[in-house]
Asker: 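So that we are looking at the same thing, I have put the structure below in structure tokens.
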Amino acid sequence: MRDRRVALVWAAFVVVALVSCVLVLRRPDRLSDLHIYYGALSDLHSGRPLYGYVAENGGPFTYPPFAALALGPITAVSEGVLQGIWLVAACAAVVAIAGAVGVALTTRQSRRPLVVAVAATVLMLSAPVQSNLRFGQVSIFIVLMALLDGMGAVPPRLRGVLVGVAAAIKLTPLLFVVYFLATGRYRDAGRAVATFVACAALAALVLPDESWTYWGEAVRQTSRIGNLASLGNQSVHGMLLRVGVDESALPLLWAALVALICAAALLRARHLTSEGRPGHAAVLVGCATVAASPVSWTHHQVWPVLAAMLLIGASGVTQRAAGVALLAAMVVSLGAVLSPVSMRPGVQFLFENARAVGVCLLCLAGFGGVAVAATRTNRRPAAGRGWLRVGVTATVAVAFFAVQPLPAGADPTFKAYALDDLANSRYFFVCRGPVECAAYGTDAPVTFGTRAEKTKVRVNGVVSPQVARLDYYSAPGGAPRAIPLLPAYPGTRMFSFRSATMTEGRLLAYASDGQPIATYDDELAAALRATTR
């Protein structure tokens, strides 16, 4: 019976993997990050600068120069063949990661095949793995190397080498060096550092100009990675940007929070290692890298999925409930799925940042450092009391966010458009052409329309001659955003901007003497509701 269940679960994994790969290959923007790797390396082989490459979608090559050496062989085949090979390799990496998780979840050999099959299927369904497949990302292989090395699943003489190589490709696994030191694995830490330095030195010998450019310049240019305030960046840094923390206070606050999170995670990881649970410890350190990194896109977030499965496999109602909640956040986008029922801006902010909040809580509480102080030997609460505690905690958390407004300035998608954007019908849709816009009607100070998209709302309209200035407030208490009034056509001034949400949005029109002449808040929300029916 058990063999049949294992076979059925593996069959489900194969179906999910095949469907996922087919859907990826049908996308016009399939494996876009792999395309960047391929194009940048092709340019490098042709004598052009590695960090000067820019793909059609605007994406540059952002990894250290050793990554170019490690990925060098991919240009030996055509890009189409490479895409197929890459997808198969990514699916194989998922299976290998699931195998490591199976070792951490159970010591019973008879149960392990089923656990591994379930873990692989859940991983394949999660948003981070799907994102790795969609973009053709290297992150899944970085997680595999760091996990195997962190939990000591490689031969003793080679421990630390995989972490060193992974860090030379992507810097975040360097936190595992600190973990090695914290747990007394001094030789492993030495091998990791030596491997990292050797890889960087090799890249400097082979690619001296690229190494100079990266370590002297590109490594500090976070703008190359993308908009760090966007919802895809579920790190502490990204969440602080979305909260609207002042730029002068952001570095110090971020550093303090990262230090606290990493210290708590490393303390707990040391405790877990002493208990003979190195797999749990490695996953926790990996989660700390997700929280601490300045940027943690969806494809970086495989670690929290592994942590959720470990929590579900633990004993205790609280841990299992936390695991289910974290896994739900990692499989679906709560901000998008639950937005119709969020009702309050604070709750919506919680949903949109659920992954970042979940990883921080994981590192600080329960699975993390606080658990060391909270451990009680031989005392387990009754199941009923456990569920009651979970329910009360969840209710209090949601109630707290329910009374919060959208944080002032927390509008990462805001952008006001200029005259150069006038030809784009996605941005300017209320009227097109001088005749139509002149006849649109400007008796009211502001006449506008809205369009709802998956992650943003667009507002486009026309102002009357009496309007001298137009401001937009995304949240109560926040600083106003100046909306440019564009002389698009003779006698007509237009405007267009995008925002994350209109729940608390407010437009204010001012006359030339600086006095407000019109306010639009409920009208914005009503217009948006009309466009989404």
Side-chain angles (χ1 to χ4, degrees), residues 58 223 226-233 238 241-247 345 349 352 405-434 436-437 440 442 444-512 514 516-528 531-532:
S223 60
N227 179 13
L228 302 190
S230 67
L231 290 175
N233 181 16
L241 288 172
R242 290 188 289 276
V243 168
V245 174
D246 185 78
E247 290 184 4
F349 187 80
E352 291 174 345
L406 185 70
D411 194 353
T413 62
F414 176 84
K415 181 179 180 181
Y417 295 103
L419 279 174
D420 292 342
D421 303 305
L422 188 64
N424 195 321
S425 59
R426 291 181 62 204
Y427 308 158
F428 293 85
F429 49 84
V430 163
C431 60
R432 300 183 182 90
E436 183 180 347
C437 289
Y440 193 82
T442 55
V446 181
T447 307
F448 63 88
T450 62
R451 279 188 178 177
E453 297 181 2
K454 186 175 181 180
T455 59
K456 61 183 73 72
V457 178
R458 300 189 187 278
V459 182
N460 172 218
V462 177
V463 299
S464 68
Q466 59 184 310
V467 176
R469 189 175 98 239
L470 189 64
D471 285 348
Y472 172 69
Y473 292 80
S474 61
R481 315 270 190 160
I483 308 299
L485 301 179
L486 311 174
Y489 308 110
T492 302
R493 289 178 301 157
M494 301 179 66
F495 68 91
S496 182
F497 66 93
R498 72 186 187 198
S499 181
T501 175
M502 290 297 170
T503 307
E504 298 287 330
R506 185 162 57 108
L507 268 176
L508 265 71
Y510 295 86
S512 57
I517 55 177
T519 301
Y520 303 88
D521 43 20
D522 293 339
E523 293 90 340
L524 280 171
L528 177 60
T531 62
T532 54

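These numbers come from a predicted model, not from an experiment.
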Asker: Ring-plane angle category for Phe448 and Tyr520, please: parallel below 30°, perpendicular beyond 60°, tilted otherwise.
Answerer: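 Aromatic pair Phe448/Tyr520 classed perpendicular.
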
Asker: Restricting to side-chain contact (heavy atoms from CB on, under 4.5 Å), what partner residues turn up for Ala509, sequence neighbours left out?
Answerer: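 In terms of side-chain contact (heavy atoms from CB on, under 4.5 Å), with neighbours along the sequence ignored, Ala509 is linked to Val446, Val467, Leu470, Ile517, Ala518.
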
Asker: Check Leu485 against Phe495 and note the closest heavy-atom contact, atom names and distance.
Answerer: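 So the minimum-distance heavy-atom pair works out to CD2-CB, 4.3 Å.
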
Asker: Can you name the nearest heavy-atom pair linking Gln466 to Pro445, along with the distance?
Answerer: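 Shortest heavy-atom contact: NE2-CG, 4.2 Å.
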
Asker: Check the pair Arg481 / Phe497 against side-chain contact (heavy atoms from CB on, under 4.5 Å), numbers first and verdict last.
Answerer: CA-CA 10 Å; Arg481 315 270 190 160; Phe497 66 93; over 6 Å; no

Asker: Going by the rule side-chain contact (heavy atoms from CB on, under 4.5 Å), which residues pair with Leu486 if we only count those two or more places apart in sequence or in a different chain?
Answerer: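 Once residues adjacent in sequence are excluded, the partners of Leu486 under the side-chain contact (heavy atoms from CB on, under 4.5 Å) criterion are Leu419, Phe428, Pro484.
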
Asker: If every non-hydrogen atom of Ala488 is compared with every non-hydrogen atom of Met494, which pair is closest and at what distance?
Answerer: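 What the structure gives for the nearest pair is CB-SD, 3.8 Å.
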
Asker: Which atom pair, heavy atoms only, marks the closest approach of Ala468 to Arg493?
Answerer: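 It is CA-NH1, 4.5 Å.
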
Asker: Could you check whether any side-chain N or O of Arg498 sits under 3.5 Å from a backbone N or O of Val459, counting only pairs where one atom can act as donor and the other as acceptor?
Answerer: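 A pair under 3.5 Å: no.
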
Asker: Which residues pass the side-chain contact (heavy atoms from CB on, under 4.5 Å) test with Ala418, not counting sequence neighbours?
Answerer: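 With sequence neighbours excluded, Ala418 shows a side-chain contact (heavy atoms from CB on, under 4.5 Å) to Asp421, given in chain and number order.
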
Asker: Going by salt bridge (Lys or Arg N to Asp or Glu O under 4.0 Å), name the pairs with one or both residues in residues 459-468, residues two or more places apart or in two chains.
Answerer: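 Not a single pair qualifies under salt bridge (Lys or Arg N to Asp or Glu O under 4.0 Å).
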
Asker: Is any side-chain heavy atom of Leu422 less than 4.5 Å from a side-chain heavy atom of Tyr489?
Answerer: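 Yes. Closest side-chain heavy atoms under 4.5 Å.
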
Asker: Minimum heavy-atom separation for Asn424 to Arg426, with atom names?
Answerer: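 Closest approach of Asn424 to Arg426, heavy atoms only: OD1-N, 2.9 Å.
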
Asker: Atom CD1 in Ile483, atom OH in Tyr472: separation rounded to 0.5 Å?
Answerer: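 Rounded to the nearest 0.5 Å, the CD1-OH separation comes out at 8.5 Å.
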
Asker: Which residues satisfy the side chain to side chain donor-acceptor pair (under 3.5 Å) test with Asp471, sequence neighbours excluded?
Answerer: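 Applying side chain to side chain donor-acceptor pair (under 3.5 Å) to Asp471 gives Arg469.
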
Asker: Treating Ser496 as the side-chain partner and Tyr417 as the backbone partner, does any N or O pair qualify as donor plus acceptor under 3.5 Å?
Answerer: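 No, the answer is negative, given that no donor and acceptor are paired below the 3.5 Å cut-off.
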
Asker: Partners of Arg458 by salt bridge (charged side-chain N to carboxylate O under 4.0 Å, His left out), sequence neighbours excluded?
Answerer: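 With neighbours one apart ignored, the set is Glu453.
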
